[in-house]
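For reference, the structure is listed below as structure tokens.
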Amino acid sequence: MRLGIKLAAIAGLAFGAAMPASAETLTVASPDGRITVSISDDGGHASYRITHDGEQAVDTSRLGLLFEDHHGFEDDLTIIASVRASQDETWEQPWGERRYVRDHHNELAVTFGASEGPERSMVVRFRVFDTGVGFRYELPEQEALSGDIRITDELTQFSIGPDADTWWTPSRQFNRYEYIYRKGKAAIVDDAHTPVTFRQPDGLHISIHEAALVDYSAMSLLALRPGSFEAALRAGSDGIKVHTKAPFKSPWRTIQIAPDAAGLINSDIILNLNEPNKLGDVSWVEPGKYIGIWWAMHIRERTWGNDGIHGANNEDVMRYIDFAAEHGFNGVLVEGWNIGWDGDWFNNGELFDFTQAYPDFDLPMLADYAADKGVRIIGHHETSGNVANYEAQMEDAFALYAENGVREVKTGYVADAGDIVRYDENGVKQYEWHDSQFMVGHHLRAVEAAARHQISINAHEPVKDTGLRRTYPNWMTREGARGMEFNAWGSPPNPTDHISILAYTRMLSGPMDYTPGIFDLRPNERPPVREDMQRGDASNRPQTTLAKQLALYVVLYSPLQMAADLPENYEANMGAFQFIKDVEADWEESVAIAGEVGEYVAIARKGRAGGEWFLGAVTDEDERELTLPLDFLEDGKSYTAQVYRDGEGAHWDTNPYALVIEEIEVTGGGTMDAKLASSGGLAVRFVERD
Ligand code: NOJ
Ligand code: CA
């Protein structure tokens, strides 16, 4: 560790006295030397700039914080101290995309002092990895920042440039994170959720996000000028962005940098910037595959409420449990089991009772039935955004589930963005955003309460993932993007390039419960089950081939991975279903091997339990021929590749079911040719030959 303290500061000149005119610039590089960050106090402003191989990646961008009732950090700033450190350490994940994660970075913590107003300082800590940069603000305890601090603005900027190709979803819109991705030059982005992914004109890929979002509000990227963004923090109902006290640390702002698209996926910086596991022994957190009383509701085959075709009925649940047991799934999700769904559940979140089941759903009986077959019920808590109602019942709700052997609960926050209900200290109803400081806190309260009952969480309509699964390994997966449900009623459904954008944007933040595996690709063409249950518009359907549905199990990582379709649709196609039965949900290693943002992606993963490699590749609207390198396999070793590929003439629109299942022999270190149909895919299991 090297300590640098400016002489002016030691001599007491840093505060209140005239500043030396010359600016100071400090630099810190990645371990491989390709990424360099320069941090400066030029012009009295804190700023940083990033280069990759000597070329500009992020142009000079300001740093700073403003407060409601304290002097902030914007002007008249001088670097008064700096501390360097390095780390090269490997840690183990209880579950994940890979077992061992290497945290190799160089660090530079720079202290800025303010020369006007009361004596005060802020630290900006930079960590530079081979795959990108993280930095955060640290405000030490100090007289000038005593008492409550109310952050009104974070001045962090990201100057990308107007000409970068950009993939993003809009922020501050009613549907939270669930939008079709937009694509265009950075110049036209106005306010974007992170991760936002950019490709510079020279091909450099950059993705901006955050890590360890705790006790702070989420950041979106708000355009200051075309291609130049400021961190926009989501304000609470009182207009304040963050309530805090010194000392405090902001979340890390992350800038992933890679020469190619696949490099973005092969980065662990977000996990590395999170704190280690705080829960201790988490052997009760168990990845796996599940089915559920779920798609039936989305395609209007069943209902959540109690009206004659109630999905959560004993008979149906037992049928699903039987199917799960027969085919090796360890969970059955049951939605619509508890009182509160009748009527307008979207708007009546206060009616949900999280311990009262409908009369046709016998939780203890079903839990025993499942346990006898080596299966368990996966619980469901839909809040409709009424967090006040949920928090009042949360402890009892988890206790009830724990008594009945439930180990995973899917939570839901269906409400328009900005319509989360809470009551303030005066009992006055307030509405909050899904990504506000209040909700950031709520999710951790829920995850901690669940952990007390050895329950893991899969949150829908969540706050975005920032890698907190490292610290709280029972926060296993979440939604937070357009999932499969949009193919039942999305109008329009997810477009053909959705997955090949998700892989390089949303998926960089962490696992997603996308709920893949729809085999009946025209679900709304089934005759209605009842006259008042007309199906959705027939144009709502997965815009993929069947092979692409299988590939999703490898491409879209989730430690709780659903086989989302109705059991009868799997029973009708056991050949294709075999891949879903074989594929794992927890990985020893993962590697993105090829792709271009929005066009295609190929990922290989090695299962933790069986040690076998799997490969998934998907394409957008364009059919394509790929030669995939098999470097992930043991060099020179021979394998039987069980291949599930698009058949002759396959096309997502006109011929989605054309699927070839075949076995071929391949060699580690060799290549494999693949032909993907329009919105098609490829799924492969590699079995070692002796
Ligand atoms: C939206 C979720 O994404 C979906 O999976 C769930 O079935 C419904 N809300 C009802 O909770
Ligand atoms: Ca949703």
Side-chain angles (χ1 to χ4, degrees), residues 169 173-180 193 290-306 310-312 316-317 320 331-349 351-354 358 361 377-387 389-390 397 408-417 419-420 434-435 439 443 446 457-465 476-491 493-494 498 502 506 511-518 523 536 540 542 556 558 560-566:
T169 51
Q173 303 287 319
F174 82 96
N175 225 11
R176 309 163 303 271
Y177 300 97
E178 295 168 45
Y179 282 90
I180 291 175
H193 278 305
Y290 72 99
I291 60 167
I293 308 274
W294 178 78
W295 186 239
M297 276 81 108
H298 288 268
I299 60 170
R300 302 174 70 78
E301 185 94 11
R302 291 283 185 274
T303 48
W304 282 277
N306 201 13
H310 181 220
D316 273 1
V317 177
Y320 274 66
V332 175
L333 166 70
V334 186
E335 296 200 357
W337 66 279
N338 61 319
I339 302 293
W341 289 92
D342 297 305
D344 180 11
W345 60 267
F346 188 101
N347 286 306
N348 291 333
L351 299 182
F352 280 117
D353 186 319
F354 298 97
Y358 279 120
F361 178 83
I377 303 283
I378 296 183
H380 186 231
H381 291 159
E382 175 57 64
T383 67
S384 291
N386 195 317
V387 167
N389 181 44
Y390 184 41
E408 296 88 20
V409 172
K410 171 176 170 179
T411 54
Y413 298 86
V414 169
D416 284 349
D419 274 356
I420 293 284
H434 283 70
D435 51 357
M439 280 308 279
H443 282 290
I457 294 294
N458 165 11
H460 278 232
E461 301 76 42
V463 66
K464 65 187 171 184
D465 198 342
M476 294 186 79
T477 189
R478 77 186 78 198
E479 188 194 42
R482 264 180 163 240
M484 187 65 83
E485 61 184 2
F486 279 81
N487 297 329
W489 41 255
S491 297
N494 296 333
H498 188 57
L502 274 186
R506 160 68 182 81
M512 177 175 177
D513 186 39
Y514 184 83
T515 67
I518 297 303
N540 289 312
L556 299 177
S558 180
L560 299 174
Q561 191 70 283
M562 189 178 201
D565 210 340
L566 309 178

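For ligands, and for the atoms within them, numbers begin at 1 and follow the listed sequence. Each residue takes its place number in the sequence, starting with 1. As a basis for the values below, the full set of heavy atoms in this structure was taken, side chains included, without hydrogen atoms, waters or symmetry mates.
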Practice task
Say whether His434 and Tyr413, considering side chains only, have a donor N or O and an acceptor N or O under 3.5 Å apart.
Solution key: no
Practice task
Would you check if there is a donor-acceptor pair between the side chains of Asn348 and Ser384 at a distance under 3.5 Å?
Solution key: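 Distance-only check fails for Ser384 and Asn348.
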Problem - Option set Met562, Glu485, His298, criterion heavy-atom distance to atom 2 (C) of ligand 1, minimum - result: Glu485
Problem - The one among Glu335, His381, Lys410 that brings a heavy atom closest to atom 5 (O) of ligand 1 - result: Lys410
Exercise for the section: Taking Gln561 for its side chain and Leu556 for its backbone only, find out whether a donor-acceptor pair lies under 3.5 Å. Expected result: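 The answer is yes, because a donor-acceptor pair under 3.5 Å joins these two groups.
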Handout entry: Side chain Asn389, main chain Gly349, donor-acceptor under 3.5 Å
Key = yes
Only heavy atoms of [X], strictly under 4.0 Å: list the atoms of ligand 1 that pass.
{"X": "His380", "value": "11 (O)"}
{"X": "Glu382", "value": "9 (N), 10 (C), 11 (O)"}
{"X": "Trp294", "value": "4 (C), 5 (O), 6 (C), 7 (O)"}
{"X": "His460", "value": "2 (C), 3 (O), 5 (O)"}
{"X": "Glu479", "value": "3 (O)"}
{"X": "Val414", "value": "1 (C), 9 (N)"}

Between [atom1] on residue [X] and [atom2] on residue [Y], distance to nearest 0.5 Å:
{"X": "His381", "Y": "Asn338", "atom1": "NE2", "atom2": "CG", "value": "7.0 Å"}
{"X": "His310", "Y": "Ile293", "atom1": "NE2", "atom2": "CD1", "value": "9.5 Å"}
{"X": "Leu566", "Y": "Glu301", "atom1": "CG", "atom2": "CD", "value": "6.0 Å"}

Handout entry: Any N or O of Trp341 closer than 3.5 Å to N or O of ligand 1
Key = no
Exercise for the section: Begin from the C-alpha positions of Ser491 and Asn540 and carry the test side-chain hydrogen bond (donor to acceptor under 3.5 Å, both in side chains) through to its verdict. Expected result: CA-CA 6 Å; Ser491 297; Asn540 289 312; 3.1 Å; yes
Handout entry: Location of contacts on Met297 toward ligand 1, heavy atoms closer than 4.0 Å
Key =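 Under 4.0 Å from ligand 1, Met297 contributes no heavy atoms.
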Problem - Top protein contact for atom 1 (C) of ligand 1, by heavy-atom distance - result: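 For atom 1 (C) of ligand 1, the nearest protein heavy atom is Glu461 OE2, 3.1 Å.
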Practice task
Find, among atoms of Glu461 that are N, O or S, the one nearest to the Ca ion (ligand 2), and state its name.
Solution key: OE2
Exercise for the section: Please calculate the OE2(Glu485)-the Ca ion (ligand 2)-OE1(Glu479) angle and round it to 10 degrees. Expected result: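 Value returned, to the nearest 10°, is 120°.
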Exercise for the section: Would you please indicate if the ring centroids of His298 and Trp304 are separated by under 6.0 Å? Expected result: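 Yes.
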